[in-house]
Amino acid sequence: MAEDVRDWELETKLVRGGLTRTPYGEISEALFLTQSFAYDTAGAADRRFSGEEPGFIYQRFGNPTTAMFEERLALLEGAEVCRATASGMAAVHVALQGLVRAGDHIVAGRALFGSCRWILSDWMGRFGVEVTYVDATDLEAWKNAVRPNTKAFLVETPANPLLEVTAIGAVADIAHAAGAKLVVDNVFATPVFQKPLALGADVVVYSATKHIDGQGRVLGGAILGAEQVMTEAYKDILRHTGPALSPFNAWVLLKGLETLDLRVRRQAENASKIAEVIASHGKAKQVLYPGRPDHPQAAIIANQMTGGGNVVAFDLGSREAAWRFLDALAIVDISNNLGDAKSMATHPSTTTHRSMPEEQRLEIGLTQGWVRMSVGLEGVGDLSRDVSRALDAA
Ligand SMILES: *Cc1c(COP(=O)(O)O)cnc(C)c1O
């Protein structure tokens with residue numbers, strides 16, 4: 001019986017989606033470290049290049065291992081097409097650049113990963129593309145920002161670092177009414193807890209560096225969407241500008257996907273407990289975790305996410321207290337990454353968001369006392385003890 005792989009349960013897609021085997025029948029996915037491919041005849045090369053015959057041509061265009069990763073992630077996301085990139089930033093850059101040309105306009109939620117903010121503030125302007133930032137939780141602000149030349153909306157939800165959540169469906173409706181496409185950076189939610197395409201987004205981007213690897217090894221990224229937008233907006237730019245993912249990294253990420261569901265569910269369980277430990281300790285002025293009923297957008301979260309993710313943010317009131325907290329940690333690392341099996345915490349004002357001018361940081365509520373913690377897979381008793389001790393020291 002032929003199975004329709006699109007009907008598989010999430011866990012089955014993660015383990016078997018996209019699997020193609022060589023005649024050796026290997027169980028673990030093969031790693032094809034090859035740049036190019038040989039053709040039986042000159043005519044076969046001609047047909048391959050013209051697209052008349054399917055098949056691989058060159059690693060910059062595609063590779064069998066990378067294709068397995070793309071197919072697996074596409075199945076998981078419910079996307080017609082996935083294209084892998086060398087990093088999350090390559091994915092964000094191409095996802096935006098492919099939708100605009102000189103004279104166009106982008107609207108973006110103002111709480112964004114630092115490098116995404118750089119692309120919008122420092123890079124797009126060089127090509128005559130204008131950008132308006134909005135408070136992503138304010139639907140009127142999205143509406144008011146629209147201009148006749150608006151072609152793309154970008155939002156990160158939950159956003160870095162304070163986990164602000166945007167109603168994807170409502171913002172998609174505003175984008176579509178304006179003739180623009182909505183791009184969602186879904187890194188914090190992971191494909192396990194939120195499906196932006198099903199909620200109305202046109203394009204989803206990932207840094208696969210985060211939870212998809214989840215074990216701190218390689219960079220990677222992905223762009224997903226319907227066949228039409230993936231072909232019209234991205235096919236040529238991906239081929240000719242060269243942000244291709246290395247097949248080795250694709251293989252690491254493909255194997256990472258097999259355990260993604262197990263890992264992020266356990267991480268979210270741990271994060272929820274750690275958020276409670278921090279809230280009940282009393283030292284933090286505010287604790288933000290998308291799985292808590294006291295999150296400012298709890299109602300939206302209930303509508304569009306099936307889990308809170310693994311990142312917790314909390315305000316210790318001053319930079320000094322935040323630093324004392326970090327320096328007192330014995331298990332949790334001080335590091336700016338997230339989604340890893342190892343727990344880590346960072347002080348965004350002096351690390352991930354230091355290049356953002358202070359007035360912009362204050363606009364998104366990022367004062368000096370905030371700590372962002374990515375909760376890992378360690379025993380939650382050990383993590384609770386470490387965090388409680390550090391809160392005492394703060
Ligand atoms: C890390 C991250 C990126 C960039 O990904 P890289 O793989 O580091 O290039 C983009 N968006 C978000 C939300 C991220 O956390």
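Indexing begins at 1, ligand by ligand and atom by atom, following the structure's order.
Counting only N and O atoms by type, the side chains of Lys255 and Ser28 include a donor and acceptor under 3.5 Å apart.
Phe56 has its ring centre no less than 6.0 Å from the ring centre of Phe32.
When each of Glu71, Glu227, Glu70 is paired with Arg83, the salt bridge (charged side-chain N to carboxylate O under 4.0 Å, His left out) condition holds for Glu70 and for no other.
Every atom of ligand 1 with a heavy atom of Gly220 under 4.0 Å away is listed here by number and element: 7 (O). Near Ser87, with a cut-off below 4.0 Å to any heavy atom, the atoms of ligand 1 are 7 (O), 9 (O). The ligand atoms of ligand 1 that sit less than 4.0 angstrom from a heavy atom of Thr209 are 6 (P), 7 (O).
The distance criterion of under 3.5 Å between nitrogen or oxygen atoms is not met by Val187 with respect to ligand 1. For ligand 1, the polar-atom distance check against Lys210 finds a nitrogen or oxygen pair separated by under 3.5 Å. The shortest N or O to N or O distance between Asn160 and ligand 1 is not below 3.5 Å.
The heavy atom nearest to atom 5 (O) of ligand 1, out of those in Ser207, Gly221, Ala208, is found in Ser207. Ranked by closest heavy atom to atom 12 (C) of ligand 1, the top entry among Val218, Leu112, Asn337, Asp185 is Asp185. Taking all heavy atoms of Ala90, Gly88, Gly114 into account, the minimum distance to atom 6 (P) of ligand 1 is reached by Gly88.
In terms of protein heavy-atom proximity, atom 9 (O) of ligand 1 is closest to Met89 N, 2.8 Å.
Cation-pi check for Arg117 over Tyr133 is met; the charged atom lies under 6.0 angstrom from the ring centroid and within 45 degrees of its normal. Note that Lys181 lies outside the cation-pi zone of Tyr234, set by a 6.0 Å cut-off to the ring centre and a 45° limit from the axis.
Open room surrounds CZ on Arg266; 12 or fewer heavy atoms of other groups in view lie less than 6.0 Å from it.
Residues Lys143 and Glu140 are paired through a salt bridge, judged by an N-O separation under 4.0 Å between the basic side chain and the carboxylate.
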